[in-house]
Amino acid sequence: MATTAATVGVLALGSLAGAGTAAADGDDVHHQGGAVATLDGLKTYDSATIFNSNGKSSVSAGLFEMSVKGGGKLQSYCIDIHNPTQRKAKYLETPWGQTSLGKNDDAGKILWILRNSYPQVSDVNALAQKAGASKLTDKTAAAGTQVAIWRFSDKAKVEANDPQAEKLADWLEAQAQNLQEPKTSLTLGPNSVSGKSGDKIGPVTVNTDANSVSIAPGSDATAAGVKVTDKNGQPVTSAANGTELYFDVPAGAEDGQASVTAKASTQVPVGRAFASPTKSQTQILAGSTETSVTAAATANWAKKGAIPSATAEKNCVKGGVDVKVSNAGDSPFEFELAGDKHTVAGGESTTVTVPVGEDEKYDITVSGPNGFSERFEGVLDCETQGTPAPGTSGGGGETPSTSPSPSESADTTGGTTGDTTGGTTGGGDDLAATGGSSATPMIAGVAAALVVAGGAAVFFLRKKKTAGQ
């Protein structure tokens with residue numbers, strides 16, 4: 001008893017440590033703009049079966065929920081079945097091209113499924129009639145939808161365990177058509193510009209599906225006397241899709257930097273991808289309440305010499321991160337990146353692709369003279385066949401104990417096992433069958449208690465044995 005309890009205790013405490021690390025990572029990651037959310041867990045789900053060369057295994061399939069920073073709720077499906085999720089992981093709205101969808105010719109079919117199934121079609125009886133199913137519930141509708149998505153996102157051989165959910169999955173797969181990637185909720189591009197003091201530096205273009213966006217210069221801009229204007233020099237406080245912004249820097253201003261923030265309240269478009277700066281499976285948006293979205297951009301200026309700026313984005317085709325360094329000055333800018341030195345002439349830009357392995361965390365810094373430094377962090381997750389993060393299991397269909405994701409269980413080949421008795425329909429903290437949950441601290445507590453109880457049992461048994469002798 002003591003040995004078993006000690007083992008359970010170590011596993012439970014290890015799970016807590018992994019979850020804590022995942023939740024803490026990625027707070028200062030550069031973001032191109034849009035919604036920033038925290039994964040709440042798998043809320044509306046049923047079960048499915050995955051078939052592969054090693055046999056078959058059961059998996060929870062359904063709808064996740066996320067809480068948006070600044071207010072709002074999101075619903076999403078998994079598009080990364082073999083990668084784990086991390087409890088309370090941070091997620092960033094991300095273009096398709098920076099996820100596995102960028103290389104997937106069927107990505108548009110997933111969008112069609114999202115627009116034509118649960119929860120966008122909330123009347124499950126009408127949905128059942130279209131699919132030729134006798135009856136669907138929220139749980140089986142979510143499971144059928146997720147199964148159909150996996151067939152396109154992961155090319156997985158997967159079936160819903162409920163016969164009516166399977167009919168829905170088959171119907172969605174057969175009907176799906178390729179659609180175009182939806183617009184971003186809000187980005188500013190490029191998010192870093194540079195120029196000479198006395199000039200209007202830009203443009204920075206607003207890209208959004210929101211009706212109206214508020215524009216506010218940062219305190220650093222106000223302190224330096226920098227105004228955010230249109231190309232004619234008129235101050236801008238609100239914008240729409242396509243609006244161009246400029247940083248109007250006073251002549252003679254001391255060399256410096258200023259920022260601008262764009263904010264909007266909107267429903268994030270269905271079909272937007274959400275990727276985590278930690279190793280947590282990629283999601284695709286299925287529904288959104290009115291949500292707070294933000295984007296920011298900065299401008300660097302100087303009177304003369306090199307005037308650099310740097311941006312970065314994942315390049316799934318090349319398997320790395322593209323770092324673009326621009327120089328709006330009149331002198332060459334020498335910088336160091338990934339251990340190598342580079343030079344970009346005045347008025348030009350250069351892009352360096354830093355190789356990063358699949359599922360690897362990257363931490364890239366561009367450094368140059370006069371204290372110039374730009375840092376970019378994240379995880380390159382471009383494939384649907386993942387490898388486990390340190391201290392977890394994953395890939396090949398297993399998920400770590402910190403995972404609230406759809407996770408395989410009752411593996412017929414002797415893999416991960418767990419309960420697959422069904423899901424909830426929102427509200428609670430219930431998570432997937434074999435993932436972590438709100439009960440994780442209680443499990444750790446029970447394990448600790450078992451350690452104590454085991455020790456006590458050994459003590460009393462020994463004492464009893466001594467008394468008998």
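Nothing here was measured: the structure is a model prediction, and the numbers come from that model.
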- Item | Sequence neighbours excluded, every pair satisfying salt bridge (Lys or Arg N to Asp or Glu O under 4.0 Å) that has a member inside residues 95-104 | K103-E383

- Task: May I have the step-by-step check of side-chain contact (heavy atoms from CB on, under 4.5 Å) for L188 and T205, ending in yes or no?
- Result: CA-CA 6 Å; L188 295 179; T205 304; over 6 Å; no

- Query: For the side chain of E166 and the backbone of P163, is there at least one donor-acceptor N/O pair under 3.5 Å apart?
  - Reply: no

- Task: Could you tell me whether K73 atom NZ has more than 12 heavy atoms of other residues or ligands within 6.0 Å of it?
- Result: yes

- Trace of the side-chain hydrogen bond (donor to acceptor under 3.5 Å, both in side chains) decision for T208 with N241: CA-CA 5 Å; T208 185; N241 185 51; over 6 Å; no

- Note on the structure: A176 and I113 have their tightest heavy-atom pair at CB-CG1, 4.1 Å

- With S288, which residues qualify under side-chain hydrogen bond (donor to acceptor under 3.5 Å, both in side chains), at least two apart? T291

- Does a salt bridge link R375 with D363, judged by any charged N lying under 4.0 Å from a carboxylate O? yes

- Between R151 and D170, is there a side-chain N and carboxylate O pair less than 4.0 Å apart? yes

- Query: Once you round to the nearest 0.5 Å, how far does CD1 of I284 lie from CD of Q146?
  - Reply: 10.5 Å

Which side-chain N or O atoms in residues 105-112 pair as donor and acceptor under 3.5 Å with protein atoms at least two apart or in another chain?
| unit_1 | atom_1 | unit_2 | atom_2 | d |
| --- | --- | --- | --- | --- |
| D106 | OD2 | K155 | NZ | 2.6 |

- Query: Any Lys/Arg nitrogen of K88 or D40 sitting under 4.0 Å from an Asp/Glu carboxylate oxygen of the other?
  - Reply: yes

- Can you tell which of Q267, R272, E93 makes a side-chain hydrogen bond (donor to acceptor under 3.5 Å, both in side chains) with S185? E93

- Query: For the residue pair Y77 and Y118, what are the closest heavy atoms and their distance?
  - Reply: OH-O, 2.8 Å

Please report, to 0.1 Å, the donor-acceptor pairs under 3.5 Å made by any side chain of residues 119-131, with sequence neighbours excluded.
| unit_1 | atom_1 | unit_2 | atom_2 | d |
| --- | --- | --- | --- | --- |
| Q120 | NE2 | A286 | O | 2.9 |
| D123 | OD1 | N125 | N | 3.1 |
| D123 | OD1 | A126 | N | 3.2 |

- Message: Restricting to side-chain hydrogen bond (donor to acceptor under 3.5 Å, both in side chains), what partner residues turn up for S259, sequence neighbours left out?
- Response: D220

- Query: What pairs with Y91 under ring pair (Phe, Tyr, Trp, His ring centres under 6.0 Å), at least two apart in sequence or on another chain?
  - Reply: none

